[in-house]
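None of the values given here were measured: they were computed from a predicted structure. Start at 1 and go down the list; that is how both ligands and their atoms are numbered.
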Amino acid sequence: MVSMTITLPRLYVDADLIAGRDVGLSPAQAHYLRNVMRRQRGDGVRVFNGRNGEFLATLSVLEKNVATARIEKQIKQQPTAPHAITLLFAPLKKDRTDFLVEKAVELGVAALQPILTHRTTTRRLNAERMMAQIIEASEQCERMAVPEAYPLQDLTQALADWPRDVPLLWCCERDDVPRTPLMVAEIPERFGFLIGPEGGFDEEEARLILSLPFVQPISLGLHILRAETAALTCLSHVMLRS
Ligand code: SAM
């Protein structure tokens with residue numbers, strides 16, 4: 001029987017979750033509960049913070065732009081994720097970036113690292129808006145932790161900062177590069193996927209990427225996928241294999 005709690009609004013909070021304590025909710029969450037979900041003081045909600053699991057809570061205050069929830073009891077333990085995946089992606093046209101971010105969250109990414117490459121067309125990214133999207137998608141898909149979102153970085157800097165002991169799986173659509181099909185590639189516990197912009201990586205970037213010992217070029221098949229499709233494909237593959 002589906003537990004009734006599944007109908008309760010699910011909210012991400014950063015505070016520690018301890019039974020009996022009140023946690024403050026954001027003005028946006030107060031607005032959502034009051035005006036969208038039509039909830040009232042005394043109604044139940046579910047809260048999670050990515051560290052202590054998920055708890056039932058009761059709205060102890062719910063006014064215009066102000067809300068607090070009284071933590072009642074834990075209903076889900078905090079799981080350990082089978083993989084810690086960082087997705088390095090070049091910002092795309094607005095709707096496509098929105099789609100890529102939302103799907104990456106649903107498909108279990110641990111961190112999003114937007115990168116600027118020579119052919120990246122969208123050179124700016126609203127970090128606050130992206131974080132709000134990430135939290136909303138995490139609440140909706142019932143995942144138990146909210147991915148990290150790192151600041152937009154040049155590709156060269158992101159590669160220079162990349163930990164040398166963490167594999168970086170380069171989604172490479174070029175058939176002049178020896179690649180491992182993702183279907184048969186080994187999936188490490190902690191790794192990154194690197195995906196290029198609409199126009200792909202240029203020669204100079206491809207040479208730099210290929211020169212790095214922690215990079216493993218992988219193929220997602222014969223078709224040239226859009227960047228957001230490539231992201232969806234590789235993350236789905238890992239999620240379904242876990
Ligand atoms: N260079 C491509 C072209 O000639 O049209 C455009 C790049 S593609 C639209 C965007 C990104 O998706 C690529 O940089 C790559 O990271 C990834 N990608 C697309 N198809 C792929 C495939 N079959 N295998 C691996 N990665 C792929």
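For atom 4 (O) of ligand 1, no protein heavy-atom neighbour is present inside the 4.0 Å cut-off.
Under 4.0 angstrom from ligand 1, the non-hydrogen atoms of Cys171 come from both its backbone and its side chain. With a 4.0 Å cut-off on non-hydrogen atoms, Arg174 does not touch ligand 1 at all.
For the pairing with Glu198, the salt bridge (charged side-chain N to carboxylate O under 4.0 Å, His left out) check across Lys93, Arg226, Arg96 returns one residue only, Lys93.
A salt bridge does not link Glu204 with Arg207: every distance from a Lys NZ or Arg NE/NH1/NH2 to an Asp or Glu carboxylate oxygen is 4.0 Å or more. Glu142 has a carboxylate O that lies under 4.0 Å from a charged side-chain N of Lys76, or vice versa, which qualifies the two as a salt bridge. Ion pairing of Arg119 with Asp202 is absent here, as no side-chain N (NZ or NE/NH1/NH2) approaches a carboxylate O to less than 4.0 Å. Ion pairing between Glu54 and Arg46 holds under the 4.0 Å rule for side-chain N and carboxylate O.
Among protein heavy atoms, the minimum distance from atom 6 (C) of ligand 1 is reached at Glu198 O, 3.1 Å. Among all non-hydrogen protein atoms, the one lying nearest atom 11 (C) of ligand 1 is Gly196 O, 3.6 Å. Among all protein heavy atoms, the one lying closest to atom 20 (N) of ligand 1 is Leu225 N, 2.9 Å.
Of all atoms in ligand 1, listed by their number and element, those nearer than 4.0 Å to a heavy atom of Gly200 are 1 (N), 6 (C), 7 (C), 14 (O). The atoms of ligand 1 that sit less than 4.0 Å from any heavy atom of Ala230 are 12 (O), 17 (C), 18 (N).
An N or O contact shorter than 3.5 Å links Glu173 to ligand 1 by distance.
Looking at Ile218, Leu220, Leu92, Ile224, it is Leu220 that brings a heavy atom closest to atom 24 (N) of ligand 1. Comparing heavy-atom distances from atom 10 (C) of ligand 1 across Ala231, Pro181, Pro197 singles out Pro197 as nearest. Residue nearest to atom 23 (N) of ligand 1, selected from Arg179, His223, Arg119: His223 (by heavy-atom distance).
Scanning for salt bridge (Lys or Arg N to Asp or Glu O under 4.0 Å) contacts around Asp98 gives Lys94, Arg129, with sequence neighbours left out. Residues forming a side chain to side chain donor-acceptor pair (under 3.5 Å) with Glu72 (at least two apart in sequence, or on another chain): Thr58.
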Task: Candidate pair Asn49 and Gln78, rule side chain to side chain donor-acceptor pair (under 3.5 Å), full reasoning - done: CA-CA 9 Å; Asn49 63 3; Gln78 186 65 33; over 6 Å; no

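Residue Leu182 places every heavy atom at 4.0 Å or more from ligand 1.
Within a 6.0 Å sphere centred on CG of Leu240, other residues, nucleotides and ligands contribute more than 12 heavy atoms.
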